[in-house]
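What follows is a single structure, written as structure tokens, with notes after it.
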Amino acid sequence: MSDIVYLNGDFLPIEKAYIPVLDRGFIFGDGIYEVIPAYSKHPFRLAEHLRRLQNSLDKVQITNPHSDAEWGRLTGEILERNPGNDQSVYLQVTRGVAKRDHAFPKGIKPTVFMMSTPLVTPAPALVESGVACITAQDYRWLNCDIKSTSLLGNCMLRQRSAEAGAAETILFRDGQLTEASSSNVFIVRDGVVLAPPKDHLVLPGITYDVVIEIARAREFEIEIRPVSEAEVRSADEIWVTSSTKEVLAVTTLDGQPVGDGKPGLLFQRMHALYQAFKQDRMRTAA
Ligand code: PMP
């Protein structure tokens, strides 16, 4: 059975879905996207993903083609039409099709594309072992809060860790931690969880917010403040978070062990709480 995708009003098999070559998403990477994890066919934190979608669209002046209720219906339908209970829903809105010109054309219709793939979260062995990461200078643009489909910088930075056999590339700008190529980053020092604030240098991660919410509810000591490269390099624990990675421990950084080289105690606690939080939300949604 082939994957069923949604394109501009129609559900169709993926191999039948085409866009015109002049779509600005293709020509300029002029589009916004979201990745929404779904457990037991229920989208997780849908309202928060749709709010971030709206914020990104507003920042690049693309009119949101759908209301939240419509996005909710389309998300439900793509989940129903594709196999598997746990899925990762990808949605993308580009500015639309127009003669190639950098300035935004007037009066064109955004292109809407959605697909869903099986959600692959880290295997238990990986949660237990943790992952290797490398570091790099964050040379991306200064609008990293926009979830843009222009991801060449992120792809190039991720490629470095792929070539090094590592799971992620953790990024520093001007001596400060920003995020990783496709995740947010937390560290632990002396029992305190630290993470950089949400600003134009990082993507406001939905998982980042969940982790902070859990940490506060469960009385972890947590501080949201700028985190220096030196603090990361001498951290007791490092975690990466994203909708598909959930919370994952980093056990080596640039080949050096993080802490004692094993996932830390606070990670283990947070990972268990995250799983419970997720299951609890899904029960309420069911
Ligand atoms: N930062 C970047 C650059 C990302 O691409 C992602 C996710 N794709 C994240 C952070 C994590 O965001 P979320 O928790 O919403 O998946």
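Residues: numbered from 1 along the sequence shown. Numbering of ligands and ligand atoms starts at 1, following listing order.
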Just the distances, no angles: every ligand 1 N or O to protein N or O pair closer than 3.5 Å, one line each.
from: ligand 1; atom 1: 1 (N); to: E179; atom 2: OE1; distance (Å): 2.7
from: ligand 1; atom 1: 8 (N); to: K147; atom 2: NZ; distance (Å): 3.3
from: ligand 1; atom 1: 14 (O); to: I206; atom 2: N; distance (Å): 3.3
from: ligand 1; atom 1: 14 (O); to: T207; atom 2: N; distance (Å): 3.0
from: ligand 1; atom 1: 14 (O); to: T207; atom 2: OG1; distance (Å): 2.6
from: ligand 1; atom 1: 15 (O); to: R52; atom 2: NH1; distance (Å): 2.8
from: ligand 1; atom 1: 15 (O); to: R52; atom 2: NH2; distance (Å): 3.1
from: ligand 1; atom 1: 15 (O); to: I206; atom 2: N; distance (Å): 2.9
from: ligand 1; atom 1: 16 (O); to: S243; atom 2: N; distance (Å): 2.9
from: ligand 1; atom 1: 16 (O); to: S243; atom 2: OG; distance (Å): 2.8

Indicate every side-chain donor-acceptor pair of residues 270-277 with a distance under 3.5 Å to a residue at least two apart or in another chain.
from: H271; atom 1: NE2; to: Q275; atom 2: NE2; distance (Å): 3.4
from: Q275; atom 1: OE1; to: K278; atom 2: NZ; distance (Å): 2.8
from: Q275; atom 1: NE2; to: E246; atom 2: OE1; distance (Å): 3.0

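Among pairs with a residue in residues 71-127, those fulfilling ring pair (Phe, Tyr, Trp, His ring centres under 6.0 Å) read F28-H102, Y33-Y90, H66-W71, at least two apart in sequence or across chains. Each side chain to side chain donor-acceptor pair (under 3.5 Å) pair with one or both residues in residues 187-203, not counting sequence neighbours, appears once here: R189-S234, K198-D209.
Side-chain polar atoms of T135 and R233 form a donor-acceptor pair below 3.5 angstrom. Remark: the T178 side chain and the D138 side chain contain an N/O donor-acceptor pair separated by less than 3.5 Å.
Salt bridge annotation for R216-E221: absent, with no cationic side-chain nitrogen under 4.0 angstrom from a carboxylate oxygen.
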